[in-house]
2 protein chains.
Amino acid sequence: MDRRQRKTREAIFGAFTRLLGKRAYHQITVQDIIDEADIGRATFYAHFETKDYLLKELCDELFGHIIDTAMEIAHGQHHHSCGKATDSVFLHLLRHLQENDLNILYLLSSENNEIFLQYFKTSLKKLIHSQFAVQGKLKSSELPEDYLVNHISSSFVETVSWWIRRGMKESPEELAHYFESVMTTVIK
Amino acid sequence: MDRRQRKTREAIFGAFTRLLGKRAYHQITVQDIIDEADIGRATFYAHFETKDYLLKELCDELFGHIIDTAMEIAHGQHHHSCGKATDSVFLHLLRHLQENDLNILYLLSSENNEIFLQYFKTSLKKLIHSQFAVQGKLKSSELPEDYLVNHISSSFVETVSWWIRRGMKESPEELAHYFESVMTTVIK
DNA sequence: TATGTTAGTGAACACTTTGTACGGTAATAT
DNA sequence: ATATTACCGTACAAAGTGTTCACTAACATA
């Protein structure tokens, strides 16, 4: 990839993330991004078709790593030193969110960001499906699996959202405990 | 209130609701509403400052009744014939949603409607706080009450949202059972 | 029924945002 | 060294926003 392309792409992502930290997604215009990134109008549209696609690609970049490593942990293929083998997938996700990806927290904390939340939930559903549903770790056999997977993933997103809204006072360990406490009916 | 005012107000609400049934909130412009309601531009702004305020007032109207009667039931002051006294507040809400307020379902089913969802959650939090938290019906004393109330209300909204997305195949009774099943850890 | 008040009309307004197009310039790859 | 490609600046039409204004019609009330 051309160095110029990489640079403007980074400039756009950077400007976008900075703006997301300031105000909600829907309050940000393409014009704002152009001004903040200090690029030409045509250049933006050469990279991204719309603002929504920009967010989608940013999500791809930010989530790609997190979900991939979470998948590895979920399947027991994670033999590194970052966390005990007994740590739950959720604790891993929380640590990852706190330590490495403050960008994501900006996105999450900005209100009205349903595209991002939808992306988060969809990623989690895949993870939870393979981790719990497929492996038979769900308790309730009488409820639809789809309902349970949806419940778990949206509850986790909501937990993270609550955490951020309140200033992230709790440690990842505490928060994982909260979440797993309210999930004991659902997960074995 | 002037008959003319009432009529245009109704025309605007009607047009807005109809449009919400067709496409998402953010895809609807003030221009669309004006055209659909067949009123003058200035008239719209005489009634509502912005599109967001219009949604807020619509929510006020739609939710006012539902939450009020749910509050009555929650406090055992509901002696009518509409449902057994033993029915849970959640079952009451689901019945209400299914039977009387298809407008709300339009709103909920249209994607990207976080203003509405936020309104729904906030209303529920108040209800759940007075119904469960104040009355000591929450199981877990070690977790923050605020976290639990948030968890219950957002899980309920998510359950309803799931229900609608999948075409409302389940009866209110079934859905209430689903919800209460995954909530047994949390609610006594 | 006559009268003052109020709400709606339609047109116009300045303004912002959007998405596209263009020739010119500078960085890049080979 | 040269051809390619990305970016720039500017301009453009189209659409939406929020406000103003004079005119008209509906309203409440006496």
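Order of the sequence lines fixes the chain letters, A, B, ..., with proteins taken first and strands second; residue numbering starts at 1 for each chain.
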So is B:K51 actually on top of B:Y25's ring, under 6.0 Å and inside 45° of the axis?
yes

Pair A:R9 + A:E57, salt bridge at N-O below 4.0 Å
yes

Starting at CD1 of B:I34 and ending at P of D:dA15, how long is that distance when rounded to a whole Å?
15 Å

Within the structure provided, determine whether B:M71 and B:Q131 are in side-chain contact (heavy-atom separation under 4.5 Å).
no

Is B:K121 salt-bridged to B:E158, cutoff N-O under 4.0 Å?
no

Should A:K7 and A:D2 count as an ion pair when the cut-off is N to O under 4.0 Å?
no

Rounded to the Å, how far apart are A:F44 CZ and C:dT20 P?
12 Å

Protein-nucleic acid N or O pairs under 3.5 Å, nucleotides 13-17 of chain C:
none

Please determine if a side-chain N or O atom of B:Y45 lies less than 4.0 Å away from the OP1 or OP2 oxygen of D:dT19.
no

Using a strict 4.0 Å threshold on nitrogen-to-oxygen distance, state whether B:E10 and B:R3 make a salt bridge.
no

Before accepting this row, confirm whether a basic side-chain N of the pair B:D60/B:K56 lies closer than 4.0 Å to the acidic partner's carboxylate O.
yes

Under 4.0 Å: is that the gap between some side-chain N or O of A:T43 and OP1 or OP2 of D:dA6?
no

Under a 4.0 Å heavy-atom cutoff, the residues of residues 46-54 of chain B touching DNA chain D are none

Any donor-acceptor N/O pair, B:S154 side chain to B:N150 backbone, under 3.5 Å:
yes

List the steps and the verdict of ring-ring contact (aromatic ring centres under 6.0 Å, His included) for B:F179 and B:F90.
CA-CA 9 Å; B:F179 180 66; B:F90 300 114; 4.8 Å; yes

By nearest nucleotide on DNA chain D, pick out whichever of B:I28 and A:D38 is the more 5' one.
A:D38

B:R95 with B:E173: basic N within carboxylate O range, under 4.0 Å:
yes

A:I33 has an atom CD1; how far is it from atom P of C:dG19, in whole Å?
11 Å

Nearest-Å distance for atom pair CZ/P, residues B:R9 and C:dT6
19 Å

Using a cut-off of under 3.5 Å, enumerate the N/O to N/O pairs linking the protein to nucleotides 24-28 of chain D.
from	atom 1	to	atom 2	distance (Å)
D:dA26	N3	B:R4	NH1	3.2
D:dC27	OP1	B:R3	NH1	2.7
D:dC27	OP2	B:R3	NH1	3.3

Separation of B:S153 OG from B:F132 CZ (nearest 0.5 Å):
11.0 Å

